[in-house]
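Throughout, a chain's letter reflects where its sequence line sits, starting with A, and its residues are numbered from 1.
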Amino acid sequence: MAHWLMKSEPDAWSWGQQVKKGAVGEAWTGVRNHTAKQNLQQMKKGERAFFYHSNVGKEIVGIVEVIKEAYPDHTDKSGVFVMVDVKAVAPLPKPVSLQTLKADPRFADMALIKYSRLSVQPVTETEWRLICEMGGAKP
DNA sequence: GCCAACGTTGGC
DNA sequence: GCCAACGTTGGC
């Protein structure tokens, strides 16, 4: 099962707001990048993703689960882009910051570091396990 | 089809 | 607020 990482600026959509939505979840709108779009399309129901706060915080704060696979993004007038629905699963008791990941050679190849502008990206099994461990969450 | 100009993202 | 990275647009 693949794992992912999704970025959001907390000013636009925060982990706290995601948690409030509970099991109903929320549509992940606004992706306007084709690489990110391809990743969205590969997400399967039940797969999990890290929730990353970009700009403010710059840390992985929680884990979400895909509850609806890719479908057209209603905020995209051109009809080209897609979105998925995700629900909050668990917080990371100890958020893992970008700074921490950058300082650790085990994450040197991580997409978050290599392609800093990509907002939806895959996470390897190894990275997933390590970050869960560091954050104090169950993998 | 190339490439310069421009816009956006996101870290610092 | 600045700037690097990168995607997109438009002139040629």
Side-chain angles (χ1 to χ4, degrees):
Chain A
M1 188 140 90
H3 288 105
W4 309 92
L5 182 146
M6 307 173 89
K7 290 186 189 178
S8 183
E9 294 192 33
D11 291 343
W13 181 252
S14 72
W15 172 249
Q17 288 172 284
Q18 184 73 58
V19 169
K20 274 187 201 153
K21 284 281 172 177
V24 179
E26 176 74 5
W28 196 277
T29 59
V31 171
R32 296 291 182 272
N33 170 287
H34 291 287
T35 310
K37 178 195 163 185
Q38 283 170 23
N39 289 329
L40 284 175
Q41 284 172 326
Q42 283 172 34
M43 290 185 178
K44 296 274 178 284
K45 199 173 172 179
E47 288 185 339
R48 298 192 165 184
F50 287 129
F51 192 112
Y52 176 81
H53 274 171
S54 65
N55 249 311
V56 182
K58 281 168 283 182
E59 56 190 11
I60 297 169
V61 290
I63 295 170
V64 293
E65 182 178 312
V66 178
I67 56 174
K68 185 171 180 182
E69 294 178 15
Y71 60 107
D73 184 338
H74 58 70
T75 66
D76 172 34
K77 290 191 198 104
S78 69
V80 169
F81 293 99
V82 298
M83 60 190 180
V84 298
D85 286 5
V86 296
K87 67 168 184 184
V89 171
L92 291 202
K94 287 164 52 190
V96 178
S97 70
L98 179 67
Q99 198 187 355
T100 306
L101 294 172
K102 276 194 160 175
D104 192 326
R106 291 177 296 181
F107 299 107
D109 288 333
M110 199 176 171
L112 185 65
I113 288 155
K114 273 193 163 175
Y115 312 101
S116 62
R117 290 182 54 220
L118 184 58
S119 60
V120 180
Q121 48 183 260
V123 172
T124 68
E125 295 311 302
T126 311
E127 288 159 359
W128 182 266
R129 218 166 3 86
L130 286 169
I131 292 169
C132 284
E133 207 173 285
M134 290 159 73
K138 276 194 251 173

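Taking the centre of each ring, A/F81 and A/H34 come in below the 6.0 Å mark. In this structure, A/Y52 has its ring center no closer than 6.0 Å to that of A/W4.
Listed by chain and residue number, A/D73, A/T75 satisfy the side chain to side chain donor-acceptor pair (under 3.5 Å) test with A/R32 (two or more places apart in sequence, or in another chain). For A/F107, there are no ring-ring contact (aromatic ring centres under 6.0 Å, His included) partners at least two apart in sequence or on another chain.
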Original post:
For nucleotides 6-12 of chain B, read 5' to 3', which letter fits each nucleotide if B means a protein heavy atom sits under 4.0 Å from the base, S means only the sugar-phosphate is that close, and - means neither?
Top reply: -BBBBBB
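A salt bridge is defined here as a Lys NZ or Arg NE, NH1 or NH2 lying under 4.0 Å from an Asp or Glu carboxylate O, and A/R48 with A/E65 meets this definition.
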